[in-house]
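Remarks on the structure that follows.
Just so it is clear: chains get the letters A, B, ... in the order the sequence lines come, proteins before strands, and each one is counted from 1.
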2 protein chains.
Amino acid sequence: MELRRGLLMTTFPIRIALLGCTGSVGRQTLDVIRHFPDHFRVVALSARSNVALLAQQAREFRPDLVTCFADTPEIEARARAELPGVVIGEQGLLAAATHADVDIVVAATSGLIGLQPTLAAIGAGKTIALANKETLVMAGHLVMRAAQRAGVSIYPVDSEHSAIWQCLRGEQNSEIRRLLITASGGPFRSATPEQLRSVTVEEALAHPTWRMGPKVTIDSATLMNKALEVIEAHWLFDVPYERIEVLIQTESIIHSMIEFVDGSIKLQASLPSMHLPIMHALAYPARLPAADSGLIRELSWPDLARLNFEAMHPERFPCFRLAIEAGKRGGTYPCALVGADEEAVDLFLHGQIGFLDIAQLIEAVLERHHSIEEPDVATALEACNWARQTIRELHKKYT
Amino acid sequence: MELRRGLLMTTFPIRIALLGCTGSVGRQTLDVIRHFPDHFRVVALSARSNVALLAQQAREFRPDLVTCFADTPEIEARARAELPGVVIGEQGLLAAATHADVDIVVAATSGLIGLQPTLAAIGAGKTIALANKETLVMAGHLVMRAAQRAGVSIYPVDSEHSAIWQCLRGEQNSEIRRLLITASGGPFRSATPEQLRSVTVEEALAHPTWRMGPKVTIDSATLMNKALEVIEAHWLFDVPYERIEVLIQTESIIHSMIEFVDGSIKLQASLPSMHLPIMHALAYPARLPAADSGLIRELSWPDLARLNFEAMHPERFPCFRLAIEAGKRGGTYPCALVGADEEAVDLFLHGQIGFLDIAQLIEAVLERHHSIEEPDVATALEACNWARQTIRELHKKYT
């Protein structure tokens with residue numbers, strides 16, 4: 001089955017390695033594949049620790065390769081018992097990422113675990129569907145350079161970058177005047193500093209429009225998540241920070257926009273859904289008939305009735321400001337940012353620090369950081385680990 | 001100067017014949033050209049009767065050819081006096097449309113006068129920037145077939161079709177699920193039939209978001225204009241009527257949208273401006289830096305704050321329903337529709353009939369019409385003239 005697009009063509013079935021198959025994006029990727037069985041084939045599945053779900057997925061999709069990172073010997077033992085032939089540890093991820101029969105590697109692991117496999121997949125000439133934020137934030141310079149060298153495409157999987165990518169079809173990066181990345185604003189977009197001081201974990205986890213894991217939900221409440229998206233957009237679309245803005249779009253219907261140099265603006269919209277950006281990355285340049293088949297719900301504009309837009313006030317969101325600064329400074333600042341944020345959010349989720357302490361701890365870490373320019377992977381990971389440790393030390397010291 | 005877009009390329013300066021140079025679109029086309037003197041050159045200017053403005057434009061842009069349709073001997077005499085070398089009558093339009101040095105013909109005449117010159121320009125291999133509605137409504141089958149045969153592109157110049165065209169860049173017509181053509185709804189979008197009965201000419205001319213000539217403003221109030229846009233979109237984008245919908249977007253900021261088969265929706269936005277669709281048609285595929293230079297005002301989303309969407313209720317707008325029916329029936333029905341509407345709107349503007357009589361007269365004419373399938377140009381014009389005359393007879397008979 002072939003779909004021609006001028007010179008571009010999608011040849012189905014597309015053969016997929018799915019790294020992070022038991023996480024939220026991983027499971028929704030399998031929803032898309034389940035919905036279009038003639039269009040996709042799962043060649044490799046990689047999970048971290050959820051052996052039961054991995055085994056169930058393996059029975060359903062019958063991949064050639066199943067791998068499990070297995071943080072502990074118990075998980076490894078369980079994986080070996082349930083999944084004969086399973087490959088354990090990082091070598092499993094690397095084997096999946098470079099499997100000879102794979103066309104697209106979906107990089108949907110969380111945290112730093114995905115960086116090396118993504119670079120390996122690029123080296124092996126695989127198209128990357130990138131759902132992992134840390135990869136570009138920490139190593140955008142390495143990833144984009146490697147992709148260019150290998151002639152490999154990096155397709156974004158989150159809704160904001162997918163929106164920009166869709167609006168950029170048939171357009172030129174050089175004719176972008178501004179990227180307008182939309183944000184729901186999270187639960188505290190109108191909160192005063194006083195109100196923010198007493199935010200509880202439950203309040204911070206109550207996101208108005210999207211259902212996500214706890215770490216990214218807290219990152220959405222601090223707008224750290226939005227700043228990481230700005231850094232990603234900078235790398236993905238080769239647009240300087242000065243031309244990337246964040247705009248509050250309360251309903252999360254407009255997923256982002258491009259303003260072109262002629263003043264024309266293109267927007268992409270849908271009801272909030274991760275299936276859509278996943279599907280777009282898997283099938284590009286084809287669009288699959290997911291609206292009539294019910295995978296994507298139809299947006300009724302008269303029922304929606306109204307879209308609201310507001311300026312984002314960076315002064316209310318210190319994490320946003322710190323992250324953009326780290327992005328602009330470059331070097332290992334973004335790596336320290338990622339590590340510091342992971343650790344600070346973890347402390348908040350465990351009730352050990354307040355909501356506003358997240359930014360204060362991250363700022364203290366970034367102030368102490370000695371950045372190294374153009375870090376390689378080891379240096380990037382080291383800066384990240386240094387920041388995690390420094391957060392913990394600072395927290396111990398002041399409590 | 002060359003701008004490459006994959007295989008597409010714009011070679012500047014682009015050489016332009018402007019048919020209808022003294023009308024609203026014609027003057028705004030010259031604004032764009034004046035703004036980008038290195039990108040465009042005016043080769044031919046054609047006006048109907050405004051000799052004073054034509055002479056002024058000719059002095060400024062120094063075209064190789066100036067033509068004047070000159071409805072009366074007085075206008076012809078004035079044109080010959082002021083413009084040595086002017087070509088008079090339809091042969092002037094034809095000469096401009098087929099001038100050897102012209103790349104793009106901007107067809108911005110009003111009414112039926114533009115049909116023959118547009119077909120002649122297509123025959124001569126010129127790209128068409130089409131601002132004239134009647135051309136596609138009356139002769140879409142002839143124009144699109146001729147364009148396909150000649151390998152010529154038809155670029156739309158109004159904001160709705162330009163929005164669809166922009167959203168379609170890098171996409172496939174076959175992956176369109178629905179075209180959503182937006183409408184401000186005009187001044188009477190929430191009026192009751194009782195209120196509509198007593199509408200005055202002044203009320204109907206008070207359009208909430210766009211400033212246009214009187215005929216098109218009345219057509220906007222009856223939503224006839226929107227139905228003509230649906231018929232145009234059907235021809236331009238080869239989309240069946242069943243997949244074209246009209247949606248009220250009160251602020252006229254979203255100029256239209258495409259919903260694709262995967263459920264993703266792309267929208268195009270700007271402050272209301274004709275300069276933008278004109279510029280896009282002239283420079284395509286390039287986008288010119290008109291935002292920084294001030295020709296196109298920047299849209300501030302936080303200042304805008306809100307976009308409103310409503311369903312369009314066709315039962316409130318009988319002209320809309322009649323026009324869509326005429327479009328679907330095809331043959332010479334759309335030609336009769338155009339003639340009947342021109343005449344009925346003229347009667348309304350002269351205070352001779354009421355607002356609701358416009359639709360009633362058009363309906364009576366369409367009921368009496370004997371349609372001819374696949375009309376040629378002469379047959380199309382004849383059906384249009386028959387409808388004008390029939391409106392006048394019906395009006396005389398019943399008053």
Side-chain angles (χ1 to χ4, degrees), chain A residues 3-7 162-163 166-172 175 177-178 180 247-249 253-254 257 259-271 273 275-277 279-280 283 285-292 295-312, chain B residues 3-7 162-163 166-172 175 177-178 180 247-249 253-254 257 259-271 273 275-277 279-280 283 285-292 295-312:
Chain A
L3 280 172
R4 290 187 167 276
R5 297 280 166 300
L7 291 180
S162 184
Q166 290 182 53
C167 291
L168 206 47
R169 289 176 76 141
E171 306 279 357
Q172 292 290 305
E175 291 175 353
R177 184 168 186 253
R178 283 189 298 169
L180 290 152
L247 173 70
I248 305 287
Q249 202 287 289
I253 294 292
I254 303 295
M257 345 179 165
E259 182 186 84
F260 293 95
V261 293
D262 59 1
S264 182
I265 301 167
K266 275 160 76 173
L267 309 81
Q268 188 268 338
S270 72
L271 293 174
S273 158
H275 290 128
L276 191 52
M279 192 171 48
H280 194 259
R287 292 184 178 273
L288 301 181
D292 284 327
L295 180 65
I296 305 298
R297 278 190 305 146
E298 183 174 300
L299 170 55
S300 160
W301 293 94
D303 291 347
L304 174 69
R306 180 163 293 180
L307 288 175
N308 287 286
F309 301 90
E310 288 174 23
M312 199 274 284
Chain B
L3 279 171
R4 289 187 169 276
R5 296 281 165 300
L7 291 180
S162 185
Q166 291 182 53
C167 291
L168 207 47
R169 289 176 76 140
E171 307 278 358
Q172 292 290 307
E175 290 175 352
R177 184 167 185 256
R178 282 190 299 169
L180 289 152
L247 174 70
I248 305 287
Q249 203 287 290
I253 294 293
I254 303 295
M257 348 180 163
E259 183 186 84
F260 293 96
V261 291
D262 59 1
S264 183
I265 301 167
K266 277 161 74 174
L267 310 80
Q268 188 268 338
S270 73
L271 293 174
S273 158
H275 290 129
L276 192 52
M279 192 170 50
H280 194 260
R287 291 184 177 276
L288 301 181
D292 284 327
L295 179 64
I296 305 297
R297 279 190 304 146
E298 183 175 299
L299 169 55
S300 162
W301 293 95
D303 291 348
L304 174 70
R306 182 163 293 181
L307 288 175
N308 287 286
F309 300 91
E310 287 173 25
M312 198 274 284

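- In this structure, A:Asp292 CG and B:Asp262 CG are separated by 11.0 Å, a value rounded to the nearest 0.5 Å.
- Residues passing the side-chain contact (heavy atoms from CB on, under 4.5 Å) test with A:Leu271 are A:Ile253, A:Arg297, A:Leu299, sequence neighbours excluded.
- Taking CZ from A:Arg169 and NZ from B:Lys266, the interatomic distance works out to 6.0 Å, rounded to the nearest 0.5 Å.
- Looking at A:Trp301 and B:Ile265, their side chains come closer than 4.5 Å, going by heavy atoms from C-beta outward.
- Ranked by non-hydrogen atom pairs under 4.5 Å with chain A, the options B:Ala290, B:Ser270, B:Ala269 are led by B:Ala269.
- Between chain B and the residues A:Leu247, A:Leu295, A:Ile248, A:Leu304, the most heavy-atom pairs under 4.5 angstrom are made by A:Leu247.
- Residue pairs that meet the salt bridge (Lys or Arg N to Asp or Glu O under 4.0 Å) test with at least one member in residues 302-311 of chain A, sequence neighbours left out, are A:Arg189-A:Glu310.
- Put simply, of B:Ser300, B:Ala283, B:Ala305, the one with the most heavy-atom pairs under 4.5 Å next to chain A is B:Ala305.
- Only the side chain of A:Ile254 comes within less than 4.5 Å of a heavy atom of chain B; its backbone N, CA, C and O stay farther away.
- Heavy atoms closer than 4.5 Å to chain A are found in the side chain of B:Leu180, but not in its backbone.
- Looking at A:Glu171 and B:Arg287, their side chains come closer than 4.5 Å, going by heavy atoms from C-beta outward.
- Among A:Ile296, A:Leu168, A:Asn308, A:Leu267, the residue making the largest number of heavy-atom pairs under 4.5 Å with chain B is A:Leu267.
- Rounding to the nearest 0.5 angstrom, the gap separating the OG atom in B:Ser264 from the CD atom in A:Gln268 is 3.5 Å.
- When heavy atoms are compared at a cutoff of 4.5 Å, A:Met257 approaches chain B solely by way of its side chain, counted from C-beta outward.
- Going from atom CD of A:Gln166 over to atom SG of B:Cys167 covers 11.0 Å, rounded to the nearest 0.5 Å.
- With a threshold of 4.5 angstrom between heavy atoms, A:Gln249 does not approach chain B through any atom at all.
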